[in-house]
Each structure stands twice: as structure tokens, then as C-alpha cells.
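Let me begin by presenting the structure, written as C-alpha cells, before commenting on it.
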Amino acid sequence: MGSQVSKQVERRKSITTEKKVLADLRINAGEDFPGSEYRSPDRKNWMSNLGTERTRVNQIVWPGTHDSATNVIGIPFITRPFAQCQSLSIYEQLVLGTRLLDIRIQENRLVCHGILSTYSVDVVFADIKKFLAETQSEIVIVEIRTEFGHEDPPDFDKYIVEKIGEFLIHNDEGVFEKTIAELLPKRVICIWKPRKSPAPKAGDPLWGGGYLKDNWIDTDLPSTKFDSNLKFLSEQPPVTKRKYFYRVENTVTPKADNPILCVKPVTRRIHKFARLFINQSFAKGVADKLQVLSTDFIDGDFVDACVGLTSARIEGKA
């Protein structure tokens, strides 16, 4: 018993130390970067506002959400705090400015996070279509994957096409160098990551998992995750020279050996340092590799940071 208590004390010390490391870095380095002063006048239509004819896909810093469809997962005050990573619906996230969604599903087409499930994926498709109907020029990346420990829903690739096929931008590596205007009226890049089913191929309506990469490390230590994100980002080619999307997750996750297991208080340890991460990407000379930045519990400031850097790239300032 004593050794377990001692271990918990050391874990709390490590977390406190790592939070202070990032806080001190923010004081010393600041949070400025090209475009950091940008505040979107209309987050719902931010791509349109930047100019569809001059905004190329590989210039965009895509604001993304982690475990996007978990706003009503589980039982309130009982299981929900352990699995909820977003408080907004898919539609509300898109209106706020989110442009990359992370959707996990199980065999029966229910969205899930680990062992907990929530609404049907049809709710996700309906929210996406509602948003697309209300906008004209916003491009959305939708990653749909079979959650670990589950089987692929039968013929799910065909089901996706049946539901949102009219909006799908087909698998074509030339997309990365095109402007938004050149992709319209198609609006959705859908990346399908099955566990056992055949992966999409070039020319298909869907894109394979290799077109959205990341280097996830499972930790609740904020500075450890921050430094890891910078390290793995540095190993990628610049956005103008690669034919895949690379995601940085500005999140940390609860660990079983720590007494705090609810998502929100844990992920708050790093959430407020998104602008610092962009600042340090410039300081380390890797800002030209930043492309997708995702978070739990997305907010407007996070979106503005991503859009601001995108605007600076378009203007030739970054």
C-alpha cells in the first residue's frame, strides 16, 4: 500500500513539473507566430473568407478534433467523463471552424470510444450534410476508422458512398496542390481506416489510412507529449513535398495508474498550449511541416490560431 501511495505522489510531482515547464516556456517564448493576431470574422466560412482561388490544400493548417463524436457518449456524471472528448455536436464543431473529424465506429455502425458507444454514424453524416448545405466553399476531412477491439461494419465503404457520395473528393494525390476552387463543388475528403476490410485505392471515392498519418504516444504528461509532437513533426517532409496529411494531437490522455481518470481535467494540462506549440514550431524550424492540429474540447481560439497561420501562408508571411 505504501509503495502505491509513493508512486502516486511521484506521478503528481511529475505532472506538476511538466505543467510548469510549459508555463515557463510560454512566459519566456511568448505565443506569437505569423498570423497569431488573426481573429476570424466568420469561423463557419473561414475558408471562403481566405479566398478559395488562392488557398491551396497543402497551405491549410486544418483545425481538427480528437474523438469528435463523443459529445453525448456514456451516462452523464457516471461514464461520460471517462470517454467524452468533445462537448459540441459534429455540426456545432464544423460551425465553430473544425475541418477535420475523427470518427470511431464499431460493428453495428454506432460511434464509439473504446468500450462505450453512442449514436449511429448516420447522425455524423446528417450533421456534415447540414453544414455543407449551409456553406458553399468549406472543405472537410472526415476520418472514419474501426475502433480497436471491434470488427469492421459489413460493406461500410459502400455505405459511406451511399450516404455522402455526392460530396466526396476522390482519391487523387494531385489534390494536395490544388486550390479549394479547383475541388468545388466536391467538399469532403473521407479517409476510411478499416481493420480487416480492403483499403481504398487510387481513384476510389474514399482515401486509405496512409493519407492521414500521426505519431500518437499515450501519455498524461503534457511536456512529454509536447516535445514528442515537435520531434515527430520534425521528421516529416514539408507540406509542399508530401502527399499525405500529417496530424499533431495537442492532447494528453488519462492513465490507469493515475487517480485522475476523467478526460477534461487531464487534457487541460496541454490544451492551452496550442499557440505555444505553433510558436515553437517556428522556433525549431519545422513550421513548414505543420498541417493538421487536433485537440479535445475545441474552442474558437484554437480555430483562430490554425486559420491565422493558414492566412499567413497564403499571404507569403510564413
Side-chain angles (χ1 to χ4, degrees), residues 33 47 56-70 85-86 90 93-94 96-105 113 124 138-148 169 171 173 175-176 188-194 199-200 206-219 222 224-253 263 267 270-271 273-278 280-281 284 286-299 302-303 305-310 313:
F33 53 85
M47 288 185 174
R56 298 191 178 278
V57 169
N58 60 15
Q59 292 177 305
I60 298 170
V61 181
W62 304 77
T65 49
H66 169 244
D67 266 303
S68 304
T70 55
C85 297
Q86 306 297 331
I90 294 298
Q93 290 173 43
L94 293 170
L96 183 65
T98 301
R99 292 297 178 267
L100 184 140
L101 301 170
D102 162 23
I103 309 298
R104 300 93 174 294
I105 58 168
H113 182 189
V124 174
E138 305 303 297
I139 304 296
V140 180
I141 301 173
V142 182
E143 176 198 29
I144 306 178
R145 66 174 110 170
T146 303
E147 181 71 301
F148 180 78
I169 299 167
N171 185 338
E173 292 185 350
V175 163
F176 292 95
V188 177
I189 296 173
C190 186
I191 297 168
W192 166 225
K193 294 183 176 180
L206 308 179
W207 298 59
Y211 286 104
L212 177 58
K213 300 181 182 181
D214 54 40
N215 290 99
W216 175 266
I217 68 164
D218 192 9
T219 181
T224 295
K225 184 63 176 284
F226 191 97
D227 292 343
S228 170
N229 283 342
L230 281 172
K231 173 184 177 295
F232 286 120
L233 181 63
S234 72
E235 296 170 356
Q236 307 304 313
V239 291
T240 55
K241 295 183 179 180
R242 64 176 183 246
K243 301 296 183 182
Y244 60 89
F245 297 99
Y246 184 77
R247 172 172 51 200
V248 173
E249 299 266 19
N250 190 62
T251 60
V252 289
T253 52
V263 174
T267 201
I270 197 171
H271 183 275
F273 297 113
R275 286 181 176 270
L276 177 65
F277 184 84
I278 299 176
Q280 288 300 292
S281 295
K284 303 295 184 183
V286 298
D288 61 338
K289 304 177 179 187
L290 188 59
Q291 188 173 41
V292 177
L293 190 59
S294 286
T295 187
D296 292 320
F297 302 102
I298 195 166
D299 56 31
F302 184 91
V303 171
C306 295
V307 178
L309 179 51
T310 302
R313 285 179 173 176

Leu100 and Phe245: CA distance, side-chain angles, deciding distance, side-chain contact (heavy atoms from CB on, under 4.5 Å) verdict: CA-CA 11 Å; Leu100 184 140; Phe245 297 99; 5.6 Å; no

Geometric class of the Phe176/Trp207 ring pair [parallel <30°, tilted 30-60°, perpendicular >60°]: perpendicular

4.5 Å side-chain heavy-atom contact, Phe232 and Asp214: no

Derivation and outcome, side-chain contact (heavy atoms from CB on, under 4.5 Å), residues Leu276 and Gln280: CA-CA 6 Å; Leu276 177 65; Gln280 288 300 292; 4.1 Å; yes

Geometric class of the His66/His113 ring pair [parallel <30°, tilted 30-60°, perpendicular >60°]: perpendicular

Main-chain N/O of Leu94 paired to Arg99 side chain as donor or acceptor, under 3.5 Å: yes

Main-chain N/O of Thr295 paired with His271 side-chain donor or acceptor, under 3.5 Å: no

Partner residues of Ala305 under the side-chain contact (heavy atoms from CB on, under 4.5 Å) criterion, sequence neighbours left out: Phe33, Arg275, Ile278

Carboxylate-amine/guanidinium proximity below 4.0 Å for Lys243 and Glu173: no

Donor + acceptor pair across side chains of Gln86, Ser68 (<3.5 Å): no

Donor-acceptor pair, side chain of Lys193 and main chain of Leu212, under 3.5 angstrom: yes

Flag, side chain of Asn229 to backbone of Glu249, donor-acceptor distance under 3.5 Å: yes

Asp102 side chain to Ser294 side chain, donor-acceptor N/O pair below 3.5 angstrom: no

Aromatic centroids of Phe226 and Phe277 separated by under 6.0 Å: yes

Geometric cation-pi criterion Lys225 and Trp216, 6.0 Å radius, 45° cone: yes

Evaluation steps, side-chain contact (heavy atoms from CB on, under 4.5 Å), between Lys289 and Glu235: CA-CA 9 Å; Lys289 304 177 179 187; Glu235 296 170 356; over 6 Å; no

Thr98 side, atom OG1; Asp299 side, atom CG - distance, nearest 0.5 Å: 9.5 Å

By side-chain contact (heavy atoms from CB on, under 4.5 Å) - contacts of Val239 (at least two apart): Arg242, Gln291, Arg313

Heavy-atom pair with the smallest gap, counting every atom of Pro200 and Trp192: CD-O, 3.9 Å

Counterpart residues, side-chain contact (heavy atoms from CB on, under 4.5 Å), relative to Lys213 (two or more places apart): Tyr244, Tyr246

Salt bridge Glu143-Arg247, side-chain N to carboxylate O under 4.0 Å: yes

Backbone N/O of Leu101 and side chain of Thr65: donor-acceptor pair under 3.5 Å: no

